[in-house]
Amino acid sequence: MAEMNMYTYIQSDEQYYSYCNKLERLVTIEAEGGEVDFIEIDFLTLLIQNYDERTSSIKPGNIHPVELIKYLMECHEMSIRILADKMNVHNSTVSKVLNHKLDISPKNAEKLSSIFALKPEVFIFFDKNKG
């Protein structure tokens with residue numbers, strides 16, 4: 001079992017990337033059937049999520065969800081087909097969302113949240129002009 005006191009509240013990008021790399025190594029070891037400390041994985045995950053929440057400029061209402069999805073797809077070099085496969089939906093569903101012809105359902109917001117590691121709320125658009 002790892003010593004949890006070796007980890008501290010994340011205070012810099014350098015520390016953040018170090019913890020992300022450590023978490024990635026632990027998850028890879030676990031995926032390959034190796035023994036890992038799940039408490040350490042959970043603790044690192046919490047520290048990383050906390051830093052993300054404190055430093056992220058992507059918050060609900062800051063950017064239209066469709067523009068956010070397009071941006072994330074570009075960053076991840078992801079096509080409509082790849083995103084649709086990851087979401088387990090038809091290509092046309094993603095296409096309709098990206099062309100503002102279909103709203104993002106709460107279920108699909110959850111899927112996008114898992115794929116891009118963001119809160120589901122950032123993928124929901126509330127039109128203040130609709131009643």
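Just one of I104, V122, I124, L112 meets the side-chain contact (heavy atoms from CB on, under 4.5 Å) condition when paired with P65; it is I104. Among D103, V66, N108, V89, the one residue that satisfies the side-chain contact (heavy atoms from CB on, under 4.5 Å) test with V97 is V66. Just one of T93, I69, L83 meets the side-chain contact (heavy atoms from CB on, under 4.5 Å) condition when paired with L98; it is I69.
Within a 6.0 Å sphere centred on CD of E30, heavy atoms belonging to other residues, nucleotides or ligands number more than 12. Annotation for E67: atom CD counts as buried by contact number, over 12 foreign heavy atoms lying within 6.0 Å. Within 6.0 Å of CG on D42 lie more than 12 heavy atoms contributed by other residues, nucleotides or ligands.
Between F38 and V36 there is a side-chain heavy-atom pair separated by less than 4.5 Å. Between D13 and Y51, the closest side-chain pair of non-hydrogen atoms falls below 4.5 Å. You'll find the side chain of F116 stays beyond 4.5 Å of the side chain of K111, heavy atoms only. You'll find the side chain of K96 stays beyond 4.5 Å of the side chain of H90, heavy atoms only. Within the 4.5 Å cutoff, side-chain heavy atoms of L72 are placed close to those of L118.
Here CD1 of I82 is found 11.5 Å from CD1 of I115. Values are rounded to the nearest 0.5 Å. Atom CD1 in I41 sits 12.0 Å away from atom CZ in R25 (nearest 0.5 Å). Annotation: the span from K70 atom NZ to C75 atom SG amounts to 14.5 Å, rounded to 0.5 Å. The CG atom of L44 sits 9.0 Å away from atom OG of S18, with the distance rounded to the nearest 0.5 Å.
Side chain of D37 to backbone of I39: a donor-acceptor contact under 3.5 angstrom is found.
Cluster annotation: M6 is connected to Y17 through the hydrophobic network of ILVMFWY side chains, with a link wherever side-chain heavy atoms come within less than 4.5 Å. Hydrophobic clustering keeps I10 apart from L46 (ILVMFWY residues linked when any side-chain heavy atoms are closer than 4.5 Å, directly or through intermediates). Connection of Y71 to I80 is established within a shared hydrophobic cluster, with ILVMFWY side chains joined at heavy-atom distances below 4.5 Å, either directly or through further cluster members.
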> Going through the checks in order, is the side-chain contact (heavy atoms from CB on, under 4.5 Å) test met by C20 and Y16?
Replying inline: CA-CA 6 Å; C20 287; Y16 171 81; 3.7 Å; yes
> Taking it one step at a time, do F123 and E110 satisfy side-chain contact (heavy atoms from CB on, under 4.5 Å)?
Replying inline: CA-CA 9 Å; F123 297 107; E110 287 289 337; over 6 Å; no
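Scanning all heavy atoms of the two residues, the minimum distance from P120 to S113 falls at CD-OG, 3.5 Å. Contact between L47 and Y9 at its shortest, heavy atoms only, is CD2-CA, 4.1 Å.
Every side chain to side chain donor-acceptor pair (under 3.5 Å) that Q15 has, sequence neighbours left out, goes to T8, Y19. Not counting sequence neighbours, the partners of R81 by the side chain to side chain donor-acceptor pair (under 3.5 Å) test are D85.
Using modelled atom types, one finds a donor on one side chain and an acceptor on the other under 3.5 Å when comparing R54 with N50. Between the side chains of Y7 and E40, at least one donor N or O sits under 3.5 Å from an acceptor N or O.
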